[in-house]
Asks: 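Please find one structure pasted underneath; my questions will follow.
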Amino acid sequence: MYNFKEIESKWQKYWDEHKSFKAVDNSDKKKFYALVEFPYPSGVGMHLGHIKAYSGLEVVARKRRMEGYNVLFPIGYDAFGLPTENSAIKQNIHPRVLTDRNINVFAGQLKKVGFSFDWDRVIDTTDPSYYKWTQWIFLKMFEHGLVFRDKTLVNYCPSCRVVLSNEDSQGGKCDICHSEIVQKEKDVWYLRITAYAEKLLEGLKEVDYLPNIKVQQENWIGKSEGAFVDFKIKEIDDNLRIYTTRPDTLYGVTFMVMAPEHPLIDKNKDKISNMDEINKYRELASHKSEFERTQLVKDKTGVKINGLTAINPVNNEEIPIYISDYVMMGYGTGAIMAVPAHDDRDYDFAKKFNIPIIEVIKGGDISKEAYTGDGEMVNSGVLTGLKNKKESISKMIEYLTKEGIGEKAIQYKMQDWAFNRQRYWGEPIPIIHCPHCGDVPVPYEELPLKLPDVENFEVGQDGESPLAKIESFVNCKCPKCGRDAKRETDTMPQWAGSSWYFLRYIDPHNDKEFASFDKLKYWMNVDWYNGGMEHVTRHVIYSRFWYHFLYDLGLVPTSEPYQKRTAQGLILGPDGEKMSKSKGNVVDPNDIVDKYGADTLRTYILFMGEYGLEAPWNESSIKGVARFIDRVYNLKDKVIDKEGYSSELEGLIHKTIKKVSEDIESMKYNTAIATLMTLVNKYSEKDNLTKDEYLVLLKLLNPFAPHVTEELNEICKLGKPICESTWPEYNIDKTKEENVTIAVSVNGKVRATIDVNVNDSEEDMKKKALSEENVIKNIDSKEIVKIIVVKGKIINIVVK
RNA sequence: GCUUGCGUGGCGGAAUUGGUAGACGCACAGCACUCAAAAUGCUGCGGUUUUGCGACCAUGAGGGUUCGAUUCCCUCCGCAAGCACCA
């Protein structure tokens, strides 16, 4: 095996010294901005997932440079957050010290793998010169009414003692420690991301994301169109407003349901005769675990509110009102009209509580189950006889609007972003609480509002932020009135710094703005962004939101940040399971680099399988790639002092250039490498190779295995370093073979193959096909109905 | 339950504007080199059957469209990811 250790460190040094991958501002060249998700510098160092995520775009970035682009391929560290803080507490060192230490480990590892990042643009979200601008954008949002405070039920992790956003508690589990989330009433800072729901949805139309990424974001935003309808309540002078997507079924309403926390209940408790029962149910509902709430879907629970009766606005029928936990306070108005005949959940509820079921759409059997399909409207006043759902809905909305009892409405599942965390290691929220002026923003010129240096950064037992204990930090003067005031002591969530980092790469040392508009204009959009599927409904949504906001302020030049977004599949352990410490199936990339070299590791990771799918690690398969690179290395002895391509290799070489070039663009790295293997197999059969034949192989392989290809290029004196050279070109005419072997089939079954020339006439080919012995045998005495000729592919003889 | 994928040899995986299924790699077997092993090189490698040519079967299951289906359509089964009582 060749000496990869020496070769790899030699070329890494060369690239470093020559700043080979420096992105140039204000260049005349076409730009290409390739972005990978910057790592969270955890204590355990990089894992194989990082290498796979970065290798994908690394190959594209290296190819683009050779194609003449000015490439920005940056890296940095997303370093604020709970894991570092928890680990710092455990090891009893300061998170700052730990973060610096971890960043060093990561930088060393990234360089050892030979990624072509621009190391002059490294950013660290925990650096005050960086988070100054995170705070600045936050204040801009505050200024524009996108930041608000509310005391509501929120997702709370009792183990981390911290409030979490919806995005951070998907599946009812804490994103950090995976323990069960509980609902707790808390005072929370929100970012009004819902104000951008429509823009985030619309923006998806103009970008090139993988289809599943788009779909997942659309589902997360969860737009639905329907109507608000106001139901009068008989006993009081008030309306119960509900949201429905099916106003066409209004005549089928037989009861109403409110969420247990609905404010109307407490407001009218003196009118309600069974408050005790209701309070008991509310108490019970609030203690239900996530498991119970999702598993017992069929078994509906609830309590009828005695003393309040709703009036159906379309027919003045009196309708009972219930509370039940299958209605959520956080969506719509927290109350629904129930149409058991045409909604599964309402049906289950009605059956359990013996409530009448009135059919208003024909087509099902409502004695057995709810009918949710289309059909003719019955028992429905003005709608009766209509057959088209859309028409019925719009006619009803028209009616509601005219009568002043309802209106068209749009709702989103996405909720506002709970933005404060009761922890130390995050950006301080730059707000001052003044007893006279309320919440006052820290003046822009006082940014960055630095994290105070503290001894003890553990969370208080009651869940208050560690910063609350630092009196010198907490006590301050109100910037507005100058009187005594107190600082907000919560910090921003982990996702804050990453919501705009791709903009900072463009102008990382600017101390006047987060980035200059001129530079943004040259570099934006990000042409290609690759990362994990797990960030699709978190980071990618959040950062699009921040970017849309900045666009509305005129501070960034385009409406969407990422032109293209792709995702890599997981690398599983050798046992086919997700890698995890507890399973003991974790493969450390360092060990692989030491054993086989970075070139082999990078190439193998991209050879494993389809890039977007998960694939298990296989220690013996990597040997195949090591062997391949070794064979490429040994070919150097066959190179003779001659130029051009030999005639027997020319076609194959042009085809290989075409295939590898196209496969890289569509992330089909595995077949690109397989094609190169085929070329190497052919080269191995030959006694000698021309310089050009060898060079084209080295260039095509270079994005995957940059070190060894540079070395071989130098050893064989083939020209300037490959990273400063150009990408090979192919001639389309030379990729087309003159003579091809095509199949001859009889009734679709292949019976023979014949060699034909592209210039042969159809008649000649038919004649040739019909003279094949095995073809004749299979036609036998049957009648030839027709003969289908597909040029260059197949001849099919149809017999009867 | 809903959404989105996926299902091909012993294994990872190729092949889709429908056109020779199994590229490339791993594992395995045989041969060469070697005192021997490793490394390397060469050959073979879906199943059944045949001395051989070949024949038949085979891309989760069953149907359909077609001269021809891994590819398109319908039904079903299984696996994975995400969402989850969203009215």
Side-chain angles (χ1 to χ4, degrees), chain A residues 1 170-172 210-216 218-220 222-224 226 242-246 249 257 259 290 293-300 324-328 330-339 343-346 348-349 411-415 533-534 536-537 569-570 576 604 607-610 612-625 627-628 630-631 634 668 670-678 680-681 684-685 741-754 773-774 777-778 785-800:
Chain A
M1 207 172 189
Q170 296 182 27
L210 288 181
N212 54 333
I213 296 178
K214 266 193 197 183
V215 168
Q216 218 166 301
E218 280 163 7
N219 289 347
W220 186 256
K223 181 179 183 173
S224 84
I242 61 95
Y243 172 73
T244 179
T245 53
R246 298 297 303 275
T249 61
V257 188
E290 197 72 24
R293 263 199 276 158
T294 54
Q295 294 303 307
L296 304 175
V297 173
K298 274 273 163 198
D299 189 25
K300 297 277 181 289
S324 173
D325 61 3
Y326 85 89
V327 173
M328 308 290 137
Y331 183 77
T333 61
I336 62 159
M337 64 178 213
V339 186
D343 181 282
D344 292 325
R345 295 149 301 175
D346 298 349
D348 294 339
F349 193 89
Q411 292 291 306
Y412 301 92
K413 284 191 211 173
M414 186 168 68
Q415 308 206 348
M533 277 311 288
E534 71 275 18
V536 167
T537 53
L570 282 178
Y604 173 61
F607 182 65
M608 287 170 83
E610 199 179 309
L613 301 180
E614 53 184 33
W617 183 260
N618 187 324
E619 178 77 32
S620 55
S621 276
I622 196 174
K623 285 183 200 152
V625 172
R627 219 173 275 163
F628 162 65
D630 232 14
R631 294 178 78 190
N634 291 332
K668 291 163 93 176
N670 53 338
T671 49
I673 294 162
T675 306
L676 290 170
M677 286 173 168
T678 308
V680 167
N681 290 345
S684 302
E685 290 170 13
T741 305
I742 66 168
V744 182
S745 63
V746 178
N747 281 354
K749 278 195 195 295
V750 176
R751 298 300 177 184
T753 56
I754 54 172
E773 196 186 329
N774 199 39
K777 211 170 90 188
N778 277 285
V785 182
K786 60 177 165 178
I787 299 177
I788 293 156
V789 180
V790 184
K791 269 213 156 171
K793 295 262 166 91
I794 199 168
I795 296 176
N796 190 23
I797 301 161
V798 186
V799 299
K800 204 164 60 176

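Residue numbers start from 1 in every chain, and the chains themselves are labelled A, B, ... in the order their sequence lines are given, proteins ahead of strands.
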Asks: Is there a side-chain contact between A/Ile622 and A/Phe607 (heavy atoms, below 4.5 Å)?
Replies: no
Asks: Starting from Watson-Crick (N1-N3 plus N6-O4 or O6-N4) and G-U wobble pairs under 3.5 Å, report the runs of at least three that RNA chain B belongs to.
Replies: B:1-7 with B:77-83, B:10-12 with B:24-26, B:28-32 with B:40-44, B:46-49 with B:54-57, B:60-64 with B:72-76
Asks: Can you find a pair of side-chain heavy atoms, one from A/Asn747 and one from A/Val798, that are under 4.5 Å apart?
Replies: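 The answer is yes, as the side chains (C-beta and beyond) meet within the 4.5 Å cut-off.
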Asks: Specify the separation, in whole Å, of atom CE of A/Met608 and atom P of B/rC11.
Replies: 17 Å
Asks: Please determine if a side-chain N or O atom of A/Arg246 lies less than 4.0 Å away from the OP1 or OP2 oxygen of B/rA87.
Replies: no
Asks: Pick the P atom in B/rG22 and in B/rG41, then give their distance to the nearest Å.
Replies: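 25 Å, rounded to whole Å.
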Asks: Of the listed nucleotides (B/rC24, B/rG13, B/rC85), which one gets closest to any side-chain atom of A/Asp325?
Replies: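 Closest nucleotide to the A/Asp325 side chain: B/rC85.
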Asks: Taking side chain as C-beta onward, heavy atoms only, is A/Leu676 less than 4.5 Å from A/Phe628?
Replies: yes
Asks: Quick one: is B/rA39 close enough that its OP1 or OP2 comes under 4.0 Å of any side-chain N or O from A/Arg631?
Replies: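 No, A/Arg631 has no side-chain N/O under 4.0 Å of OP1/OP2 on B/rA39.
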Asks: Provide the distance between the two C1' atoms, one in B/rA14 and one in B/rC67, to the nearest whole Å.
Replies: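 One C1' to the other, the span is 27 Å.
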Asks: Between the base of B/rC85 and the side chain of A/Lys300, is one N or O donor paired with an acceptor at under 3.5 angstrom?
Replies: yes
Asks: Using the side chain to side chain contact (heavy atoms under 4.5 Å, CB included) rule, pick out the option among A/Thr753, A/Ile754, A/Ile787, A/Val750 that qualifies with A/Val744.
Replies: A/Ile754
Asks: Looking at the side chain of A/Ala615, which of B/rU20, B/rG13, B/rC67 is the nearest nucleotide?
Replies: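 The answer is B/rG13, which lies nearest to the side chain.
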Asks: Look at all strands and tell whether A/Thr678 reaches a base, only sugar-phosphate, or nothing, counting heavy atoms closer than 4.0 Å.
Replies: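 Since only primed, P, OP1 and OP2 atoms lie under 4.0 Å of A/Thr678, the category is sugar-phosphate.
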Asks: Check for a donor-acceptor pair, side chain of A/Asn796 on one end and backbone N or O of A/Ile788 on the other, with a separation under 3.5 Å.
Replies: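 Between the backbone of A/Ile788 and the side chain of A/Asn796 there is no qualifying donor-acceptor contact (under 3.5 Å).
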Asks: How would you label the contact of A/Tyr412 with the nucleic acid (heavy atoms, under 4.0 Å): base, sugar-phosphate, or nothing?
Replies: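 Since no nucleic acid heavy atom lies under 4.0 Å of A/Tyr412, the category is nothing.
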Asks: Could you check whether any side-chain heavy atom of A/Thr249 comes within less than 4.5 Å of a side-chain heavy atom of A/Met337, counting everything from C-beta outward?
Replies: yes
Asks: Please check this pair: side chain of A/Thr678 against backbone of A/Ala674, looking for a donor-acceptor N/O pair closer than 3.5 Å.
Replies: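 Checked: pair present.
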Asks: Taking syn as any angle within 90 degrees of 0 and anti as the rest, which one fits B/rG9?
Replies: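 Judged by the O4'-C1' to base torsion, B/rG9 sits in syn, the angle falling within 90° of 0.
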Asks: Could you check whether A/Asn670 gets within reach of a base, just the sugar-phosphate, or nothing at all, counting any heavy atom under 4.0 Å?
Replies: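 Result for A/Asn670 = sugar-phosphate.
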Asks: Can you tell me if A/Tyr326 touches the phosphate of B/rA87, counting only side-chain N or O atoms and a distance under 4.0 Å to OP1 or OP2?
Replies: no
Asks: Which residue, A/Gly222 or A/Asn212, contacts RNA chain B at a nucleotide closer to its 5' end, judged by nearest heavy atom?
Replies: A/Asn212
Asks: Distance between the P atoms of B/rG30 and B/rC6, in whole angstroms?
Replies: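 It comes out at 40 Å once rounded to the nearest Å.
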Asks: Ignoring backbone atoms, test whether A/Asn778 places a side-chain nitrogen or oxygen under 4.0 Å from the OP1 or OP2 oxygen of B/rA55.
Replies: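 Checking A/Asn778 against B/rA55: at least one side-chain N or O falls below 4.0 Å of OP1 or OP2.
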Asks: Roughly how many Å apart are B/rA58 and B/rC53, using the C1' atom of each and rounding to a whole number?
Replies: 22 Å
Asks: So, is A/Lys668 near the phosphate of B/rA15, with a side-chain N or O under 4.0 Å from OP1 or OP2?
Replies: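 A/Lys668 to B/rA15 OP1/OP2: side-chain N or O found under 4.0 Å.
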Asks: Which nucleotide sits closest to the side chain of A/Gln216: B/rG13, B/rU20, B/rG82?
Replies: B/rG82
Asks: Please check the phosphate of B/rU17 (OP1 and OP2 only) for any side-chain N or O of A/Lys793 closer than 4.0 Å.
Replies: no
Asks: Rounded to whole angstrom units, what separation is found between the CD1 atom of A/Ile754 and the C1' atom of B/rU20?
Replies: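 So the CD1-C1' distance, A/Ile754 to B/rU20, works out to 12 Å.
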Asks: What does A/Thr741 touch in the nucleic acid at a heavy-atom separation under 4.0 angstrom: a base, only the sugar-phosphate, or nothing?
Replies: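 Base contact.
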Asks: Which sits closer to the 5' end of RNA chain B, A/Ile788 or A/Ile794, going by the nucleotide each is nearest to?
Replies: A/Ile794
Asks: Distance check, C1' atoms only: B/rG60 and B/rG78, in whole angstrom units.
Replies: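 Each nucleotide's C1' atom is 7 Å from the other's.
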Asks: Out of B/rA84, B/rA23, B/rA87, which has the shortest distance to the side chain of A/Thr244?
Replies: B/rA87
Asks: When you compare the side chain of A/Ile673 with that of A/Tyr604, does any pair of heavy atoms fall below 4.5 Å?
Replies: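 Not touching, per the 4.5 Å side-chain cut-off.
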Asks: As a test of reading the structure: which of B/rG25, B/rA14, B/rC56 is closest to the side chain of A/Glu610, going by heavy atoms?
Replies: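 Looking only at heavy atoms from C-beta outward on A/Glu610, the closest nucleotide is B/rA14.
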Asks: Nearest to the A/Ser621 side chain among B/rG19, B/rG25, B/rC67, which nucleotide is it?
Replies: B/rG25
Asks: For A/Arg751 and B/rU20, is the shortest distance between a side-chain N/O and OP1 or OP2 below 4.0 Å?
Replies: no
Asks: May I ask you to say what A/Val215 touches in the nucleic acid, namely base, sugar-phosphate or nothing, with a heavy-atom cut-off under 4.0 Å?
Replies: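 Contact class for A/Val215: sugar-phosphate only.
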Asks: Hey, does the side chain of A/Asn681 come within less than 4.0 Å of B/rA23's phosphate (OP1/OP2), counting only N and O?
Replies: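 False: A/Asn681 side-chain N/O out of range (4.0 Å or more) of B/rA23 OP1/OP2.
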Asks: What integer distance in Å separates A/Glu619:CD from B/rA27:P?
Replies: 11 Å
Asks: Have a look at A/Asn796 and say if it touches a base, only the backbone sugar-phosphate, or nothing, with a 4.0 Å heavy-atom cut-off.
Replies: base
Asks: Contact between A/Arg631 and A/Asn681 at the side-chain level, heavy atoms closer than 4.5 Å - yes or no?
Replies: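 A/Arg631 reaches A/Asn681 side chain to side chain.
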Asks: State which of B/rC26, B/rG54, B/rG12 makes the closest approach to the side chain of A/Asn774.
Replies: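 Among the listed nucleotides, the one closest to the side chain of A/Asn774 is B/rG54.
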Asks: Closest approach to the side chain of A/Lys777, judged atom by atom: which nucleotide of B/rG25, B/rG54, B/rU20 is it?
Replies: B/rG54
Asks: Is there a side-chain contact between A/Asn670 and A/Lys668, using heavy atoms and a 4.5 Å cut-off?
Replies: yes
Asks: Do the ring planes of A/Tyr326 and A/Phe349 sit parallel (below 30°), tilted (30 to 60°) or perpendicular (above 60°)?
Replies: tilted
Asks: Would you indicate what A/Glu614 reaches in the nucleic acid, counting non-hydrogen atoms under 4.0 angstrom: base, sugar-phosphate, or nothing?
Replies: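 Sugar-phosphate, backbone atoms only, no base.
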Asks: Report which part of the nucleic acid A/Val327 touches: base, sugar-phosphate, or nothing (heavy-atom distance under 4.0 Å, all strands).
Replies: base
Asks: Side-chain N or O of A/Ser224 less than 4.0 angstrom from OP1 or OP2 on B/rA87?
Replies: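 Yes.
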Asks: Between B/rG44 and B/rG82, how far is it from one P atom to the other, in whole Å?
Replies: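 Approximately 45 Å lies between the P atom of B/rG44 and that of B/rG82.
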Asks: Using whole Å, what does the distance between atom C1' of nucleotide B/rG1 and atom CG of A/Asn219 come to?
Replies: 14 Å
Asks: What distance, rounded to whole Å, do you find between the two C1' atoms, one in B/rC2 and one in B/rU70?
Replies: 28 Å
Asks: With rounding to whole Å, what would you report as the distance between B/rG25 and B/rU40 at their P atoms?
Replies: 13 Å
Asks: Could you give the CD1-to-C1' distance, from A/Ile213 to B/rA81, as a whole number of Å?
Replies: 13 Å
